[in-house]
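Input: a single structure, listed below in structure tokens.
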Amino acid sequence: MPVRFSALEHHADGQLRQACYELAGSPRDGWEIRRDDRPHLTLGPGYELLRTRTCGICATDLARHRMPFPLPQVTGHEVVAELEQGGLAGVEINASHAARGLPHEQWCAPCRAGLGTHCEDRSVLGIDRLPGGFAPWILAPIGAIVPLPGDLPLLEATLLEPFAAAWHAVGMIAPRPGDTVAVLGPGRLGTLIVAALAAHRRRSGVAFDLLAVAREPARAALARRLGADAVHVPGSGGDTTPLADVVVETTGAAAALATALALARREVHLKSTSGEPACGLRHATELVVDELCIVPPDAPEAARPGTVRVASLRALDAAIRPDPAVARAAVSPRGTIVVDATADAGSPLLDAVARRGLRVTSSRCGDFRAALPVLHELARDGAIGALVRAVIEPSELAEGYARARRPGAGKIVVRHPA
């Protein structure tokens, strides 16, 4: 029987407006989605209808109108949903061939290689076409539904999606003994990265210093509570002296990449998908979405097959997301871009890579099943729940967006009626 509901959509002008949806179909036969009584989206098999319980507001939601994906859309991807058989589940966001449980012969090359997050035919819950968790019902890929422990509190469970992204980033960074790792801008995601780094340090026994770079006292205090050894307050004129081996940039602010490059000795790791240019790079968001790596010419990865060499910001943008009118292949997801030693001078990004030997890495979504035991452990300690500052009704989403944009706002969670 079709499910009908109303939900607030994100539009290209950044505003939220109400629309009516109807979802009809089955996991076996596929689904038809109607919007305001008109055909909207056809989905193949492999999706299960779930009632949404909570959904966190993320910086990606706030910047959705700057993303390179169709609008309008019901957003929200930090979802906890109710299972028909009882209990709750987190929902991983990438609707890949693998996540939908399709026959193996229908999988694309990335799915066959275990890179379902880079599926050639994926939609993304609350980000790319697939309606998200600010609606009372979602269609979840059947393999993306992760049952949650019964003793995991609901609000902490809502942090699973961003915490999985944080845990994935830690694995990509792989701190070395004696390193200093700095988290630039410990806000909603940055605070979780601090918690993930501290948990990795406890679990692995790798000794490294953990530094939070923050101006707001509330963020600094929470970062310390979650495991930061110290807090660095940046100067009003900006910092120019490296203070960490690895800097994780989580803010998405226009000037933050330049700051991260100045503070790092070996690596800058990007996590933000704000949709905004950074250091003159137009496709910084797409770089993170595809989890690309930018390295100097003497890096070991520079000799690997399939790398793309660039010598200008324009060429770097083209390698990340080529102009369809230009016959040039982009670098593959999780691929490597080499900045030539003769790169144009004057770009902080190119100068840092080509002349200082800095690496720029990136990561996006994480594995819920890998991150869940760690989040469960942190929830028992109680500190991570302090990140959630407010719980609102779905009708209050616009107010929630406004509050989430304020400095030090913490996590705002939309809770649907049970």
Side-chain angles (χ1 to χ4, degrees), residues 56 78 80 89-90 92 114-115 117 146-214 219-232 244-250 264-271 291 293 334 359 361-388 411:
E78 300 177 354
V80 173
E92 294 185 319
L115 298 176
T117 55
V146 180
L148 301 174
D151 61 342
L152 180 62
L154 178 61
L155 296 183
E156 280 85 343
T158 311
L159 300 174
L160 178 55
E161 194 282 332
F163 184 77
W167 190 244
H168 177 45
V170 172
M172 298 283 277
I173 295 165
R176 304 171 187 174
D179 273 353
T180 296
V181 181
V183 179
L184 180 59
R188 286 177 288 269
L189 178 57
T191 300
L192 291 174
I193 290 175
V194 169
L197 283 163
H200 170 73
R201 185 168 56 180
R202 288 193 302 272
R203 287 169 152 243
S204 68
V206 175
F208 60 90
D209 293 328
L210 179 51
L211 181 66
V213 182
R219 289 187 179 187
L222 185 55
R224 280 186 175 276
R225 185 177 174 189
L226 288 171
D229 301 307
V231 174
H232 174 77
D245 300 281
V246 180
V247 175
V248 188
E249 203 296 283
T250 69
R265 287 188 285 267
R266 185 176 75 240
E267 179 179 345
V268 168
H269 190 81
L270 301 180
K271 287 297 295 183
E291 298 187 299
C293 179
R334 293 205 183 167
R359 296 165 49 86
T361 60
S362 62
S363 65
R364 191 169 55 101
C365 306
D367 184 332
F368 279 26
R369 291 166 180 84
L372 182 55
V374 189
L375 178 66
H376 197 192
E377 175 185 299
L378 293 174
R380 283 195 288 267
D381 292 343
I384 203 165
L387 183 61
V388 178
K411 178 65 68 178

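Numbers for residues simply follow the sequence, beginning at 1.
Each salt bridge (charged side-chain N to carboxylate O under 4.0 Å, His left out) pair with one or both residues in residues 182-207, not counting sequence neighbours, appears once here: Arg201-Asp229, Arg202-Glu377, Arg203-Glu377.
Although no hydrogens or angles enter the test, the distance criterion places a donor-acceptor pair under 3.5 Å between the side chain of Thr250 and the main chain of Gly185.
Between His168 and Cys365, the closest side-chain pair of non-hydrogen atoms is not below 4.5 Å. For the pair His269 and Ser363, the minimum side-chain heavy-atom distance is below 4.5 Å. The closest side-chain heavy-atom distance from Phe163 to Leu378 is below 4.5 Å.
Ala386 and Leu222 make their closest contact through CB-CD1, 4.0 Å (heavy atoms, listed as atom of the first residue, atom of the second, distance). Contact between Ala164 and Phe368 at its shortest, heavy atoms only, is CB-CD1, 3.8 Å. Annotation for Val170 and Pro175: closest pair O-CD, 3.9 Å, computed over non-hydrogen atoms. The shortest non-hydrogen separation linking Val206 to Pro177 is CG1-N, 3.7 Å. Heavy atoms only, all atoms of each residue included: Ala214 and Val231 are closest at O-CG1, 4.1 Å. In terms of heavy atoms, Thr361 sits closest to Arg359 at CG2-NH2, 3.7 Å.
With sequence neighbours excluded, the residues satisfying side chain to side chain contact (heavy atoms under 4.5 Å, CB included) with Arg265 are Thr180, Pro242, Asp245. Scanning for salt bridge (charged side-chain N to carboxylate O under 4.0 Å, His left out) contacts around Arg225 gives an empty result, with sequence neighbours left out. In this structure, the salt bridge (charged side-chain N to carboxylate O under 4.0 Å, His left out) partners of Glu78, at least two apart in sequence or on a different chain, are Lys411.
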Give the table of side-chain donor-acceptor pairs shorter than 3.5 Å for residues 149-160, with sequence neighbours excluded, one pair per line with atom names and distance.
| from | atom 1 | to | atom 2 | distance (Å) |
| --- | --- | --- | --- | --- |
| Asp151 | OD1 | His376 | NE2 | 2.8 |
| Asp151 | OD2 | His376 | NE2 | 3.4 |
| Thr158 | OG1 | Thr54 | OG1 | 2.8 |
| Thr158 | OG1 | Leu154 | O | 2.9 |

Under 3.5 Å, which donor-acceptor pairs link side chains of residues 191-199 to any protein atom two or more places apart or in another chain?
| from | atom 1 | to | atom 2 | distance (Å) |
| --- | --- | --- | --- | --- |
| Thr191 | OG1 | Pro186 | O | 2.9 |
| Thr191 | OG1 | Gly187 | O | 2.6 |

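Sparse packing is recorded around CZ of Arg176, with 12 or fewer heavy atoms of other residues, nucleotides or ligands lying under 6.0 Å away.
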### Query
Does the pair Glu92 and Asp367 meet the rule for a side chain to side chain contact (heavy atoms under 4.5 Å, CB included), with working shown?
CA-CA 8 Å; Glu92 294 185 319; Asp367 184 332; 3.9 Å; yes
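Here the SG atom belonging to Cys293 is positioned 7.5 Å from the CD atom belonging to Glu267, to the nearest 0.5 angstrom. The CG atom of Leu184 lies 10.0 Å from the CG atom of Leu211; values are rounded to the nearest 0.5 Å.
A salt bridge does not link Glu291 to Arg364: none of the charged nitrogens lies less than 4.0 Å from a carboxylate oxygen.
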